[in-house]
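Computed from a predicted structure; not experimentally measured. Count residues from 1 along the sequence.
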Amino acid sequence: AYVWSNLKQLDLSVNSIKTLGDSLRYLPSVEQVNLSNNQIGLRGLDTESSSNSGSINSVEREDGLATVSGIKFIDTVRWLHLGFNQLACVPQFGDRARFNLTVLILRNNLLRDIQGVEVLDALVELDLSENLISKHSNLRPLLNLHNLNILVLNGNPVSFDPKHRIQ
């Protein structure tokens with residue numbers, strides 16, 4: 001396979017992508033990736049029947065949710081747009097992503113919690129708008145994000161809680 005060592009920006013938005021797999025490993029220098037408006041999401045729990053049905057290539061988490069496996073290969077990325085997909089959990093990132101990823105857009109997915117973002121030490125901007133986050137306790141992973149300057153939670157059930165913006 002060809003390695004795209006000079007590619008810095010990749011836009012795969014609006015392509016009905018369901019599977020990332022390991023194809024992203026051939027992008028060792030990519031810094032901006034747009035995977036928005038696709039069909040990346042939760043894999044069925046029956047792995048044998050779903051493996052041939054176009055479901056995502058993923059790894060099971062203990063709670064039964066799936067994470068997108070191909071994301072771990074793009075650990076040089078600084079800007080990542082995964083909005084408007086069907087993600088039910090935050091993807092598992094590669095080891096170096098924690099030092100590189102500064103902008104993460106996860107808007108319009110099916111996220112109920114954000115477990116997994118706490119490892120992203122360099123994160124400055126996080127867009128979680130229009131998800132299913134309903135409890136403030138599900139935002140605890142934000143406590144570890146000391147560089148975070150911009151957080152967008154609009155459209156989540158938690159944003160309608162009367163205690164949400166107590167000053």
Side-chain angles (χ1 to χ4, degrees), residues 11-20 24 32-47 50 55-75 77-167:
D11 188 343
L12 296 173
S13 61
V14 195
N15 277 294
S16 300
I17 294 172
K18 296 178 183 177
T19 303
L20 295 177
L24 296 176
Q32 294 183 9
V33 177
N34 186 349
L35 288 162
S36 66
N37 294 282
N38 281 293
Q39 298 172 10
I40 303 166
L42 188 61
R43 174 178 69 175
L45 296 176
D46 180 3
T47 56
S50 65
S55 63
I56 30 180
N57 181 1
S58 54
V59 178
E60 289 296 322
R61 260 186 15 185
E62 288 178 5
D63 57 8
L65 295 176
T67 57
V68 181
S69 65
I71 295 297
K72 67 184 173 195
F73 295 115
I74 53 171
D75 55 5
V77 70
R78 297 186 184 286
W79 184 92
L80 178 59
H81 193 332
L82 285 166
F84 300 91
N85 278 288
Q86 299 165 7
L87 294 172
C89 63
V90 174
Q92 291 177 345
F93 295 93
D95 293 335
R96 292 188 327 180
R98 69 182 304 176
F99 305 110
N100 294 322
L101 188 60
T102 58
V103 177
L104 178 58
I105 303 166
L106 292 169
R107 67 179 303 132
N108 287 83
N109 277 291
L110 304 171
L111 299 174
R112 294 182 185 278
D113 69 62
I114 56 171
Q115 182 182 3
V117 299
E118 65 275 5
V119 300
L120 301 173
D121 296 335
L123 205 59
V124 173
E125 181 176 341
L126 178 59
D127 185 346
L128 296 167
S129 59
E130 305 296 334
N131 275 286
L132 303 172
I133 302 168
S134 62
K135 299 177 186 174
H136 284 101
S137 61
N138 291 341
L139 299 173
R140 281 196 186 109
L142 297 175
L143 295 174
N144 296 326
L145 302 178
H146 302 292
N147 293 312
L148 192 65
N149 288 325
I150 300 170
L151 173 64
V152 185
L153 291 171
N154 300 345
N156 282 284
V158 73
S159 66
F160 299 105
D161 183 333
K163 298 177 185 174
H164 178 59
R165 298 196 95 162
I166 295 177
Q167 296 184 3

Inset, instruction - Decide yes or no on side-chain contact (heavy atoms from CB on, under 4.5 Å) for Leu142 and Leu126, but give the supporting numbers first. - result: CA-CA 10 Å; Leu142 297 175; Leu126 178 59; 3.7 Å; yes

Legend entry - Leu128/Val117 under side-chain contact (heavy atoms from CB on, under 4.5 Å): CA gap, chis, key distance, verdict: CA-CA 11 Å; Leu128 296 167; Val117 299; 5.6 Å; no

Inset, instruction - Show your reasoning for whether side-chain contact (heavy atoms from CB on, under 4.5 Å) applies to Lys18 and Gln39. - result: CA-CA 5 Å; Lys18 296 178 183 177; Gln39 298 172 10; 2.8 Å; yes

Legend entry - Check against side-chain contact (heavy atoms from CB on, under 4.5 Å), Leu153 and Leu139: CA-CA 10 Å; Leu153 291 171; Leu139 299 173; 3.9 Å; yes

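To the nearest 0.5 angstrom, Asn131 atom CG is 11.5 Å from Asn138 atom CG. With rounding to the nearest 0.5 angstrom, the SG atom of Cys89 is 13.0 Å from the CD1 atom of Ile114. Rounded to the nearest 0.5 angstrom, Glu125 CD and Leu123 CG are separated by 8.5 Å. To the nearest 0.5 Å, atom NZ of residue Lys135 and atom CZ of residue Arg112 are 10.0 Å apart. Taken to the nearest 0.5 Å, the OG atom of Ser137 stands 11.0 Å off from the CD1 atom of Ile133.
Between Leu35 and Ile71 there is a side-chain heavy-atom pair separated by less than 4.5 Å.
For Asn38 (side chain) and Asn85 (main-chain N/O), no donor-acceptor pair under 3.5 Å exists by modelled atom type. A donor-acceptor pair is defined here as one N or O able to donate and one able to accept, closer than 3.5 Å; no such pair exists between the side chain of Asn37 and the backbone of Phe84. Remark: the backbone N or O of Ser13 is paired with a side-chain donor or acceptor of Asp11 at under 3.5 angstrom.
In this structure, Gly83 and Asn109 approach most closely via the heavy-atom pair CA-ND2, 3.8 Å. Heavy-atom minimum distance, Trp79 versus Val77: O-CG2, 3.2 Å.
Residue pairs meeting the salt bridge (Lys or Arg N to Asp or Glu O under 4.0 Å) criterion with at least one partner in residues 136-158, sequence neighbours excluded, are absent. Applying the ring pair (Phe, Tyr, Trp, His ring centres under 6.0 Å) definition to pairs two or more places apart or across chains, those involving residues 102-153 are His136-His164.
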Could you list the donor-acceptor pairs under 3.5 angstrom formed between side-chain atoms of residues 94-106 and any protein atom two or more places apart in sequence or on another chain?
{"unit_1": "Arg96", "atom_1": "NE", "unit_2": "Asp75", "atom_2": "OD2", "d": "3.4"}
{"unit_1": "Arg96", "atom_1": "NH2", "unit_2": "Asp75", "atom_2": "OD1", "d": "3.2"}
{"unit_1": "Arg98", "atom_1": "NE", "unit_2": "Val119", "atom_2": "O", "d": "3.4"}
{"unit_1": "Arg98", "atom_1": "NE", "unit_2": "Asp121", "atom_2": "OD2", "d": "3.0"}
{"unit_1": "Arg98", "atom_1": "NH2", "unit_2": "Asp121", "atom_2": "OD2", "d": "2.8"}
{"unit_1": "Asn100", "atom_1": "ND2", "unit_2": "Asp75", "atom_2": "O", "d": "2.8"}
{"unit_1": "Asn100", "atom_1": "ND2", "unit_2": "Arg96", "atom_2": "O", "d": "3.2"}
{"unit_1": "Thr102", "atom_1": "OG1", "unit_2": "Arg78", "atom_2": "O", "d": "3.1"}

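Take Arg107 and apply the salt bridge (Lys or Arg N to Asp or Glu O under 4.0 Å) test, not counting sequence neighbours, and it matches Asp127. Asn144 is linked by a side chain to side chain contact (heavy atoms under 4.5 Å, CB included) to Glu118, counting only residues two or more places apart in sequence or in another chain. Residues passing the side-chain hydrogen bond (donor to acceptor under 3.5 Å, both in side chains) test with Ser36 are Asn34, sequence neighbours excluded.
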